[in-house]
Amino acid sequence: MNITAKRLLVLVPLAAVLAGAGGAVHGKVAAQDAAGFVISHEMTVAGTPKRVFVALTDEIARWWDPDHSYSGQADNLFLDARAGGCFCERLGNGGSVEHMRVVFASPGRLLRLTGGLGPLQGMGASGSMDFNLRAAGDAATRLELRYIVSGFSPDGLGDIAGPVDAVLANQLARLTEYLDSVH
């Protein structure tokens, strides 16, 4: 197991606790091998699909865990929800980092991003992340997240699937808590 995977494994217990905090999050590593992995999460969150889309995009700094940013401050994150738009972060020294790129945005229905989050960016790995939204009653949304990652790493990508899954579960738990607080 490489150093990055070991560092991320420390987050697994915390993410497991947080994932249960905001409601039922059903997630798993759906597939994995040395060349990549697939992570899938399904959950019901408060708010209409359009409201959830706004939270995912315009309000990302209000729920994203700052521990999973380069600057340590979620307020530096922004997501331009249009094709070619950036999920980016401003850095204190005048720099910036692109976390992912928007390739499909249909408000209230689908947000698709491409790129490698966190350490994946420097590992030669990239992925496609979909947030599918559909109504689940008058004021609820069924949110399905799917992140398909592939690429090359000398240590393989399979060992990092679990830690990446745990970090995404943490982010989804925080999103759920945020939507509960504003609904």
Side-chain angles (χ1 to χ4, degrees), residues 2 4-5 8 11-12 15 19 25-45 49-50 52-61 63-65 67-70 74 77-89 96-136 141-176 179:
N2 64 40
T4 303
L8 286 172
L11 300 172
V12 173
V25 176
H26 303 285
K28 65 180 179 180
V29 176
Q32 71 187 87
D33 67 18
F37 53 88
V38 178
I39 292 172
S40 178
H41 285 265
E42 295 182 28
M43 56 199 276
T44 300
V45 296
K50 286 189 179 194
V52 173
F53 190 88
V54 168
L56 284 169
T57 57
D58 298 341
E59 299 167 351
I60 194 165
W63 56 269
W64 192 268
D65 188 343
D67 289 342
H68 296 286
S69 68
Y70 286 91
L77 297 167
F78 60 94
L79 198 156
D80 181 7
R82 61 187 171 91
C86 187
F87 171 27
C88 289
E89 180 176 356
S96 61
V97 62
E98 178 179 294
H99 294 280
M100 301 185 95
R101 173 90 23 209
V102 176
V103 296
F104 192 106
S106 178
R109 190 174 77 78
L110 174 66
L111 176 65
R112 178 173 296 136
L113 308 166
T114 59
L117 288 173
L120 295 172
Q121 189 179 69
M123 295 173 69
S126 189
S128 177
M129 181 180 288
D130 283 3
F131 292 90
N132 284 291
L133 309 170
R134 68 178 190 277
T141 296
R142 189 69 181 162
L143 184 152
E144 298 172 1
L145 173 129
R146 185 170 167 102
Y147 190 29
I148 302 170
V149 175
S150 64
F152 174 79
S153 174
D155 297 322
L157 295 173
D159 285 346
I160 202 167
V164 170
D165 179 51
V167 170
L168 289 175
N170 174 22
Q171 300 295 12
L172 291 172
R174 292 174 62 91
L175 172 63
T176 299
L179 287 166

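Quick note: numbers below take in every heavy atom, side chains included, and nothing from hydrogens, waters or symmetry partners. Computed from a predicted structure; not experimentally measured.
With contacts defined as side-chain heavy-atom distances shorter than 4.5 Å, the pair L111/F53 qualifies. Under the 4.5 Å side-chain criterion, counting only non-hydrogen atoms from C-beta, L113 is in contact with F131. With a 4.5 Å cut-off on side-chain heavy atoms, Y147 and V38 do not count as touching. Counting heavy atoms from C-beta outward, K50 and V52 have side chains that stay 4.5 Å or more apart. Under the 4.5 Å side-chain criterion, counting only non-hydrogen atoms from C-beta, K28 is not in contact with I39.
Of all the heavy atoms in A105 and A81, the pair that sits closest is CB-O, 3.6 Å. Scanning all heavy atoms of the two residues, the minimum distance from F37 to L157 falls at CD2-O, 3.6 Å. When every heavy atom of A55 is checked against every heavy atom of W63, the shortest pair comes out as O-NE1, 2.8 Å. The minimum heavy-atom distance between P49 and A135, with the atom names listed, is CG-N, 3.5 Å.
No donor-acceptor pair under 3.5 Å is formed between the side chain of E89 and the backbone N or O of L77. Side-chain atoms of D33 come within 3.5 Å of backbone atoms of G36 as a donor-acceptor pair (strictly under, hydrogens ignored). The backbone N or O of D65 lies less than 3.5 Å from a partner atom in the side chain of Q171, making a donor-acceptor pair.
Other residues, nucleotides and ligands contribute at most 12 non-hydrogen atoms within 6.0 Å of the CZ atom of R146.
Atom CG of D80 sits about 8.5 Å away from atom CZ of R101, to the nearest 0.5 Å. To the nearest 0.5 angstrom, L175 atom CG is 10.0 Å from L145 atom CG. Note that the CD atom of E59 and the CG atom of L79 stand 12.0 Å from one another [nearest 0.5 Å]. To the nearest 0.5 Å, atoms CG (L143) and CG (L172) are separated by 6.5 Å. For the atom pair D165 CG and S40 OG, the distance stands at 9.0 Å (nearest 0.5 Å). Taking CG from N132 and CD from E42, the interatomic distance works out to 9.5 Å, rounded to the nearest 0.5 Å.
Evaluation of the salt bridge (charged side-chain N to carboxylate O under 4.0 Å, His left out) test over residues 120-135, restricted to residues two or more places apart or in two chains, returns R112-D130, R134-E144.
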Side-chain polar contacts of residues 116-129 - donor-acceptor pairs under 3.5 angstrom, sequence neighbours left out - could you list them?
| unit_1 | atom_1 | unit_2 | atom_2 | d |
| --- | --- | --- | --- | --- |
| Q121 | OE1 | Y70 | OH | 3.4 |
| Q121 | NE2 | E98 | O | 2.6 |

* Asked: Step by step, would you call L168 with V164 a side chain to side chain contact (heavy atoms under 4.5 Å, CB included)?
  -> CA-CA 6 Å; L168 289 175; V164 170; 4.2 Å; yes
* **Full working for side chain to side chain contact (heavy atoms under 4.5 Å, CB included) between T176 and R174** => CA-CA 5 Å; T176 299; R174 292 174 62 91; over 6 Å; no
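W64 has its ring centre less than 6.0 Å from the ring centre of F87.
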